[in-house]
Amino acid sequence: MDNKKVKRSEDYSAWYNNLVKSADLAEHSAVKGCMVIKPYGYAIWEKMQAELDKRFKETGHQNAYFPLFIPKSFFSKEASHVDGFAKECAVVTHYRLKTAENGEIVVDETAKLEEELIVRPTSETIIWNTYRDWIKSHRDLPILVNQWANVVRWEMRTRLFLRTTEFLWQEGHTAHATSEEAIAETKQMLEVYADFAENILAVPVVKGIKTANERFAGAIETYCIEGLMQDGKALQMGTSHFLGQNFAKAFDVKYATKDNKQEYVWATSWGVSTRLMGALIMSHSDDEGLILPPNLAPIQVVIVPIISKKEEEKELVLNKAKEIQSALRKKGISVKLDDRDNTTPGYKFAEYELKGVPVRIAIGPRDVANESVEVARRDTKEKQVMSSIDIDHKIEHLLSQIQTNIYQKALDYRDQHINAVNTWDEFIDALENKTGFVSAHWDGTSETELKIKELTKATIRCVPLSNPQENGICVLTGAPSKERVLFAKAY
RNA sequence: CGGGGUGUAGCGUAGCCCGGUAUCGCGCCACAUUUGGGAUGUGGAGGUCGUAGGUUCGAAUCCUGCCACCCCGACCA
């Protein structure tokens with residue numbers, strides 16, 4: 001266990017890195033920019049996957065799997081798409097190694113690929129090339145497919161979970177007969193993401209639309225959910241793209257309409273990644289460690305028996321602990337009974353706080369005698385001794401309270417950190433001194449957006465959906481504006 | 001990729017300037033005593049000092065390349 005304590009308030013970045021490692025979520029690997037996700041971290045990711053996958057299935061999607069490799073030529077078919085990803089692609093050029101005369105293993109230059117293969121940074125191209133063969137008629141539509149996969153983007157600078165060279169994600173790719181249907185799909189998946197973020201991750205998000213600058217390469221419109229981290233920086237947590245007919249045209253995907261006309265198909269794609277792990281960590285955790293929302297915690301309740309040396313007393317305590325464990329399990333709660341006798345209770349308390357376990361139950365000889373337990377909640381650190389009668393109902397209720405409380409706390413923080421400003425001075429002041437989102441009028445041009453980014457490092461995170469329309473003037477240029485947009489410094 | 005910094009046992013570190021194969025704490029193993037907020041004692045194991053070269057009788061220490069990580073920029077989910 002890593003005992004180095006770094007406070008959030010002193011060095012947020014070091015605190016984050018330290019927490020990821022000390023809570024056993026992930027570590028750096030021998031490969032540059034790539035991480036090893038450790039079992040505890042992966043367990044959390046699996047819970048995320050399960051919740052998302054359930055929601056995808058409920059909205060009519062099916063999972064499939066497409067190749068890791070994409071022929072280079074596929075990329076050049078959609079112009080803006082290649083522009084967006086060209087600078088960060090890993091390329092496979094050979095398929096064989098050999099032993100050189102000096103005994104070293106080297107690339108066999110005679111085994112050069114005719115056409116290089118790109119390790120997918122995203123799968124639109126290979127998928128749309130495949131869809132061409134799947135789609136002939138309006139009766140083949142819609143196609144509602146999701147894939148769970150790894151992708152590679154050769155980023156300059158990486159951070160555990162937030163930006164790694166290889167990352168895990170899901171990417172949905174759908175094909176529709178009409179523009180309206182595709183747009184409805186795009187919006188539906190945005191809602192799915194928002195629901196997941198708020199109800200499972202307990203992270204409040206702003207739903208919005210990206211500006212042209214921030215739009216996905218190849219999309220007509222990019223919808224997103226944006227979260228606000230505890231250090232006041234924004235994090236893009238998921239995107240849902242309306243791709244129009246761009247990919248259908250690039251890959252010549254047409255279908256026969258009812259009256260036998262050939263039309264191009266309408267497309268969407270949408271994805272969230274292991275970056276959500278970063279969002280989860282940075283939204284809730286504190287100086288003692290991780291704080292996991294119960295809906296996502298691999299271990300929801302840990303029981304720490306206070307074991308004494310006296311055999312019969314120890315047995316009484318353990319039996320009671322097992323009894324409670326089994327009662328909670330019947331409620332579908334995941335419970336760990338930590339009966340290790342080589343560490344003290346205090347050590348275990350600290351360890352499970354570090355790992356973010358929502359509820360801790362301590363049971364000692366005193367409790368057995370009194371039919372009580374000590375229940376501690378991770379989010380507020382409150383402890384109380386309560387009767388062990390009906391404990392399963394009480395804990396079930398408490399878990400749900402904790403879920404709500406964690407969300408509410410994050411929501412309050414977020415809402416307190418949306419600063420509405422009207423002048424450039426206020427804009428600068430908010431960015432420098434208040435942190436968080438800055439809600440301001442903007443003249444709608446990319447030039448202004450880029451200028452602001454250059455001057456302040458803040459970008460437009462999104463134009464919030466259902467944004468109130470109001471007349472105002474752009475904070476930079478003074479040009480008229482119809483609505484506010486959200487600026488922030490972002491990860 | 002540019003600027004700055006770091007790399008010594010599982011983790012955190014001392015030693016480096018002024019060359020002589022390494023310090024301390026936590027953790028680990030054994031035993032004993034402990035166990036209601038990170039236990040104590042005794043004994044023990046664990047290091048090609050990031051890596052590859054070079055200088056030297058001798059390199060953790062000096063020089064060079066490379067790798068990784070951290071901070072600041074540019075790029076981005």
Side-chain angles (χ1 to χ4, degrees), chain A residues 1-6 11-18 21-22 24 27-35 83-89 104 121-122 151-171 193 210 213-214 216-217 222 224-227 234-241 269-279 288-289 304-310 313-314 317 338-354 360-370 372-374 376 381 383 385 453-454 457 459 490-491:
Chain A
M1 195 71 44
D2 186 351
N3 287 318
K4 192 173 79 171
K5 282 267 176 176
V6 184
D11 186 343
Y12 195 82
S13 177
W15 167 82
Y16 174 83
N17 282 315
N18 191 55
K21 287 176 200 156
S22 59
D24 249 354
E27 61 190 25
H28 292 286
S29 71
V31 186
K32 178 176 182 143
C34 296
M35 64 178 167
D83 282 351
F85 288 104
K87 292 162 303 213
E88 53 190 39
C89 284
E104 254 184 85
T122 180
V151 288
V152 168
R153 295 183 190 174
W154 216 265
E155 304 286 356
M156 296 300 174
R157 206 169 143 192
T158 60
R159 293 197 67 195
L160 291 167
F161 289 120
L162 296 174
R163 183 174 302 106
T164 46
T165 300
E166 178 191 14
F167 57 96
L168 306 183
W169 77 344
Q170 59 67 218
E171 46 182 326
Y193 287 154
K210 287 291 186 190
N213 280 330
E214 302 281 327
F216 176 74
T222 289
C224 64
I225 52 171
E226 292 283 326
L235 182 72
Q236 178 174 308
M237 291 173 59
T239 47
S240 182
H241 314 290
S269 70
W270 28 273
V272 296
S273 71
T274 34
R275 172 177 259 200
L276 290 176
M277 294 287 292
E288 269 64 56
V304 178
I306 314 297
I307 303 164
S308 80
K309 184 108 190 284
K310 298 172 205 146
E313 208 173 70
K314 176 176 168 180
V317 168
D338 187 348
D339 58 0
R340 286 178 295 171
D341 60 2
N342 59 338
T343 57
T344 58
Y347 181 86
K348 292 176 187 175
F349 293 171
E351 186 179 345
Y352 292 108
E353 276 162 13
L354 178 61
R360 181 185 74 231
I361 299 177
I363 306 171
R366 239 163 35 212
D367 296 303
V368 176
N370 302 336
S372 64
V373 290
E374 184 195 74
K381 302 216 194 76
K383 282 195 288 197
V385 176
K453 183 178 180 183
E454 191 188 317
K457 289 175 191 133
T459 50
Y491 276 97

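Labels below follow one simple rule: chain letters A, B, ... track the order of the sequence lines, proteins then strands, and each chain is numbered from 1.
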- Considering only heavy atoms from C-beta outward, does the side chain of A:Val272 approach that of A:Met237 to under 4.5 Å? no
- B:A68 and B:G50, which share atom name P, separated by this distance in whole Å: 16 Å
- Pairwise P distance for B:U33 and B:G37, with rounding to whole Å: 22 Å
- Item | Check: B:G36 base within 3.5 Å donor-acceptor of A:Lys383 side chain | no
- Item | A:Asn370 CG to B:G36 P, straight-line distance once rounded to whole Å | 17 Å
- Query: Reckon A:Lys453 has a side-chain N or O less than 4.0 Å from the OP1 or OP2 of B:C75?
  - Reply: yes
- Determine the interatomic distance between C1' on B:G5 and the same-named atom on B:G10; round to the nearest Å. 25 Å
- Message: If you only use heavy atoms from C-beta on, which nucleotide in B:C75, B:G36, B:C69 is closest to the side chain of A:Pro345?
- Response: B:G36
- Query: Rounded to the Å, how far apart are A:Tyr347 OH and B:C28 C1'?
  - Reply: 11 Å
- Can you see which heavy atom on A:Phe167 is nearest to which on A:Ser273, and at what distance? CD1-CB, 3.6 Å
- Message: Rounding to an integer number of angstrom, what distance separates B:U21 and B:C26 when you compare their P atoms?
- Response: 26 Å
- To the nearest angstrom, the CZ-C1' distance between A:Arg159 and B:C72 comes to 13 Å
- Message: What's the closest nucleotide to the side chain of A:Lys32 if the choices are B:G36, B:C69, B:G38?
- Response: B:C69
- Query: Rounded to whole angstrom units, what separation is found between the CD1 atom of A:Ile306 and the P atom of B:G36?
  - Reply: 7 Å
- Task: Scan every strand shown for a Watson-Crick or G-U wobble partner of B:G2, both distances under 3.5 Å, and answer none if you come up empty.
- Result: B:C72
- Item | C1' spacing across the pair B:A74 / B:G12, given as an integer number of angstrom | 34 Å
- Query: What integer number of Å spans the C1' atoms of B:A30 and B:G46?
  - Reply: 15 Å
- Query: How about A:Leu160 and A:Asn17: do any of their side-chain heavy atoms sit closer than 4.5 Å?
  - Reply: yes
- Note on the structure: Residue pair A:Gly84/A:Gly33 against RNA chain B: nearer the 5' end by closest nucleotide is A:Gly33
- Between atom CZ in A:Arg163 and atom P in B:G73, what is the gap in whole Å? 12 Å
- Task: Using the C1' atom on both, measure B:C63 against B:G47 and round to a whole Å.
- Result: 25 Å
- Query: How long is the line joining CG of A:Leu354 and P of B:C26, in whole Å?
  - Reply: 19 Å
- Select base, sugar-phosphate, or nothing to describe what A:Arg340 touches, counting heavy atoms under 4.0 Å on all strands. nothing
- Anything under 30° is parallel, anything over 60° is perpendicular, the rest tilted; go ahead and classify A:Phe216 against A:His241. parallel
- Consider the side chain of A:Arg157, meaning its heavy atoms from C-beta on, and name the nucleotide among B:G73, B:G37, B:C76 that approaches it most closely. B:G73
- Figure out the CD/P separation between A:Glu374 and B:G36, and round it to whole Å. 11 Å
- Phosphate oxygens OP1/OP2 of B:G73: is one of them under 4.0 Å from a side-chain N or O of A:Lys457? yes
- Task: Indicate yes or no: at least one non-hydrogen side-chain atom of A:Ser372 is less than 4.5 angstrom from one of A:Asp367.
- Result: yes
- Message: Tell me whether A:Trp154 at atom CH2 has more than 12 heavy atoms from other residues, nucleotides or ligands lying less than 6.0 Å away.
- Response: no
- Separation of atom CG in A:Asn342 from atom P in B:C28, rounded to whole Å: 7 Å
- Query: Can a side chain N or O of A:Thr344 be found less than 4.0 Å away from OP1 or OP2 on B:U35?
  - Reply: no
- Item | Below 4.0 Å: OP1/OP2 of B:C75 and any side-chain N or O of A:Lys87 | no
- Take atom P in B:G15 and the same atom in B:A52, then report the distance between them in whole Å. 25 Å
- Query: Do A:Arg360 and A:Glu353 meet the salt-bridge criterion of a basic N to acidic O distance under 4.0 Å?
  - Reply: yes
- Query: Does any N or O donor sit under 3.5 Å from an N or O acceptor when you compare the side chain of A:Glu353 with the base of B:G37?
  - Reply: yes
